[in-house]
Amino acid sequence: MKITLTKEKGPKISKYIYGHFAEHLGRCIYEGIYVGEDSSIPNVNGMRTDVVEALKNIRIPVLRWPGGCFADEYHWKDGIGPKENRKKIVNTNWGGVTENNHFGTHEYFELLRQLGCEAYINGNVGSGTVQEMQEWIEYMTMDGESPMANLRRENGHDDPWKVKFFGVGNESWGCGGNMRPDYYADVYRRYQTFVRQYGKDKIYKIACGPNIDDYNWMDRVMSIAAPFMDGISLHHYALTGAWEDKGPALGFEESQWWSLLKSAKKMDELITKHSTIMDKYDPEKRVGLIVDEWGSWLAVEPGTNPGFLYQQNTIRDAMVAALTLNIFHKHADRVHMANIAQTVNVLQAMILTEGDKMVKTPSYHVFDLYKVHQDADVVASYGDESDTLSYTISKKDGMISISLCNYSLTDTQTLDVAGEFGDTIAEARYITADKMDEHNDFEHPENITIKDFDGAKLVDGQLSITIPPMSVATIRIPE
Ligand code: AHR
């Protein structure tokens, strides 16, 4: 493949496109992130040190919490105050297990403090009241004298926190209340009214958007509520086939390599079509499309709780991650944030844990390779249905970063980039695999890990990259 680098710059790739999502689901929050202060696993105020350090390394910019479907059954007052007094509830969505509420609002903000990232809280519309939502905002963000600010102080936190993003309901068309779009749009208008601005920071309000290709939902909600929102969500998971018949994460057929990637690539069409509908009501592209759930959804690992959504993660998932990030870059003018599901031990996780052991997945390494694109200007971004090579190029601080993904199972491929490059490659790194379900596990945590890449060459200011099959690489060259 041959391309020519132009001088033109596209929109900025918001760093929030590299966001993550952590729900009270399976072993994501409990065990995966929060082990409690008394755990023998090294922790700071209950947060696993190994996991926090790993997430900081990929510069996690924002973390969505507490769900997902869990959000519409979450009553935040159950999760504050002394832990021994916190209500034990049933996690009806995810395995019917007991939720002891030991990880609540204070613990979430402590986690964000350690990670150095922003808050994205999803409010409860399905089973919560307007008052409950308003009081949560007041509890978190009110500085002066008020009933909720005083309650926060009684619980040991004097200063308000910053809530950058707030979601008004999750999947309100499904687990969040089975609403119809016109009804939800009115409910959204009402609830968001009381997401008040108590502090100096404006809260970015996110409406519940469509599932996959429900274009009618997008049209109705935008037509009724667009002026009241800053963003609207979109959920799309990559599957190997039917929803009811999820393919395995390991030991899959070659056809399932292709079907999963085809499903992931549908993201391009979905964003294009939803964005066209949004243009009708928001031609200035003020409202962001927030892809706050994406990633591969595969069968759970044999022998694990089906309600915990624990799946292994292979080089195939790394391809899903790279391809999808390239698509988000292509649509950076409309996609303001995205949150891969989910951070630890659930779905397409960055990290897997078992007791005190932790392993970084191939998807983690893609986020590591791609972190250089955060807040950079897009130069080009490409991924086409007919090809098995996808790339993205951005510029920031005098550095051109080129990431590419060869998802052929057999063929080495070359990307020639004509431009005016100097004669130095500042950095070239990649991940690769010999077989299509190569993965990391607790016995072999470094089967797939980032290595130096020697496939990039500069000759007379022209760049030529030769990349083996099943590989993702990033090359950085000074402008
Ligand atoms: O990420 C798992 C679940 O998928 C979320 O709770 C829900 O929003 C979606 O259906």
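Atoms within each ligand, like the ligands themselves, are counted from 1 in listed order.
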So for Trp294 against ligand 1, with non-hydrogen atoms under 4.0 Å, the contacting part is neither

Does the ring center of Tyr184 lie less than 6.0 Å from the ring center of Trp217? yes

N/O of Cys69 under 3.5 Å from N/O of ligand 1, yes or no? yes

Salt bridge (Lys or Arg N to Asp or Glu O under 4.0 Å), that's the test. Do Asp268 and Lys266 meet it? Break it down for me. CA-CA 5 Å; Asp268 194 10; Lys266 192 175 165 68; over 6 Å; no

Any Phe70 heavy atom less than 4.0 Å from ligand 1: no

Using a strict 4.0 Å cut-off to heavy atoms of Leu347, name the atoms of ligand 1 that fall inside it. 1 (O), 2 (C)

Criterion ring pair (Phe, Tyr, Trp, His ring centres under 6.0 Å) against His24, the qualifying member of Phe308, Trp94, Tyr30: Tyr30

To the nearest 0.1 Å, how far is atom 1 (O) of ligand 1 from its closest protein heavy atom, and which atom is that? Tyr237 OH, 2.8 Å

Within 45° of the ring axis of Tyr34 and under 6.0 Å from its six-membered ring centre, is that where the NZ or CZ of Arg48 lies? no

Do the numbers put Lys246 on top of the ring of Trp243, so that NZ or CZ is under 6.0 Å from the six-membered ring centre and no more than 45° off the axis? yes

I need the atoms of ligand 1 closer than 4.0 Å to a non-hydrogen atom of Phe21, numbered in the order shown. 1 (O)

Chi angles and distances behind the side-chain hydrogen bond (donor to acceptor under 3.5 Å, both in side chains) call for Ser403, Asn326: CA-CA 8 Å; Ser403 293; Asn326 292 355; over 6 Å; no

Among Glu293, Glu23, Arg64, the residue with a heavy atom nearest to atom 9 (C) of ligand 1 is Glu293

Which atoms from ligand 1 have a heavy atom of Glu171 less than 4.0 Å away? 7 (C), 8 (O), 9 (C), 10 (O)

Could you list the atoms of ligand 1 found under 4.0 angstrom from a heavy atom of Gln342? 1 (O), 2 (C)

Are Arg334 and Asp282 close enough, and set up right, to give a salt bridge (Lys or Arg N to Asp or Glu O under 4.0 Å), and what steps lead you there? CA-CA 11 Å; Arg334 185 60 97 176; Asp282 175 40; 2.8 Å; yes

Which one holds for Asn170 and ligand 1: side chain close, backbone close, both close, or neither close, with close meaning a heavy atom under 4.0 Å? side chain

